[in-house]
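Right, one structure below, let's go through it.
The model shown is predicted, which means the values in this text are computed figures rather than measured ones.
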Amino acid sequence: MAARWIEALTGPWEQKKQYRRDVARLHGLPEPYRTAATGMHRYLMATSGLTDGDALVQMVGDLVDLWDGAAADERPVRAIVGDDPVEFAESFAEAYSGERWIDKARARLVRSMDEAERRELP
């Protein structure tokens with residue numbers, strides 16, 4: 001009963017468990033892949049703006065799979081991200097189409113303008 005109430009507020013437990021497993025995998029990567037993956041994870045969390053838990057968990061899982069595969073193949077880090085790691089990370093994030101915080105902010109702005117317009121009319 002309490003678990004349902006908490007999940008209603010915070011989202012599914014299984015999603016959080018999967019996220020934690022993926023982050024643990026990320027921290028278990030060998031160097032230099034751990035440093036690269038950790039940096040990209042930090043960047044994506046700060047800039048992706050995803051608020052959809054499913055999309056976020058999928059993105060982190062795919063990020064770990066990417067770097068895990070690179071480590072297994074011993075590919076150089078720059079062979080993965082290229083010369084511009086920011087562009088790579090942003091292109092990576094664009095592949096996930098979940099709701100973003102900016103979508104909520106835009107919707108809130110539109111509602112505010114609609115409400116202001118209604119109050120303006122006689």
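Of all the heavy atoms in Val64 and Leu26, the pair that sits closest is CG2-CB, 3.9 Å. Between Met59 and Ser48, the shortest heavy-atom contact is CE-OG, 3.8 Å.
Note on residues 95-122: pairs passing ring pair (Phe, Tyr, Trp, His ring centres under 6.0 Å), not counting sequence neighbours, are Phe92-Tyr96.
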Inset, instruction - Output, in order, the C-alpha distance, side-chain angles, deciding distance and verdict of side-chain contact (heavy atoms from CB on, under 4.5 Å) for Gln58 and Gln18. - result: CA-CA 9 Å; Gln58 182 67 46; Gln18 183 61 49; over 6 Å; no
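Counting non-hydrogen atoms of other residues, nucleotides and ligands closer than 6.0 Å to CD of Glu31 gives a total above 12.
Looking only at side-chain heavy atoms (C-beta outward), Arg34 and Trp67 stay at 4.5 Å or farther from each other. Side-chain contact between Val23 and Arg20 is absent, with no heavy atoms from C-beta onward closer than 4.5 Å. Within the 4.5 Å cutoff, no side-chain heavy atoms of Leu29 are placed close to those of Arg25. Proximity of Lys16 to Val57: side-chain heavy atoms (C-beta onward) are nowhere separated by under 4.5 Å.
Checked for salt-bridge contact, Asp114 and Arg111 miss the test: no charged N lies under 4.0 Å from a carboxylate O.
Atom CD of Gln15 and atom CG of Asp54 lie 4.5 Å apart (nearest 0.5 Å). If you take CZ on Arg42 and OG1 on Thr38, they are separated by 7.0 Å, rounding to the nearest 0.5 Å. Here the CG atom belonging to Asp68 is positioned 10.5 Å from the CG atom belonging to Leu63, to the nearest 0.5 angstrom.
There is no path of hydrophobic side-chain contacts, each under 4.5 Å, that joins Leu56 to Tyr43.
Within the 3.5 Å criterion, the main-chain N or O of Arg75 finds a donor-acceptor partner in the side chain of Tyr33.
In this structure, Leu109 shares a hydrophobic cluster with Met113, the cluster being traced through Ile, Leu, Val, Met, Phe, Trp and Tyr side chains under 4.5 angstrom apart.
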Please table the atom pairs, donor to acceptor, closer than 3.5 Å between any side-chain atom in residues 76-85 and protein atoms at least two apart or in another chain.
| from | atom 1 | to | atom 2 | distance (Å) |
| --- | --- | --- | --- | --- |
| Arg78 | NH1 | Gly82 | O | 3.1 |
| Arg78 | NH1 | Asp83 | O | 3.4 |
| Asp84 | OD1 | Val86 | N | 3.1 |
| Asp84 | OD1 | Glu87 | N | 3.3 |

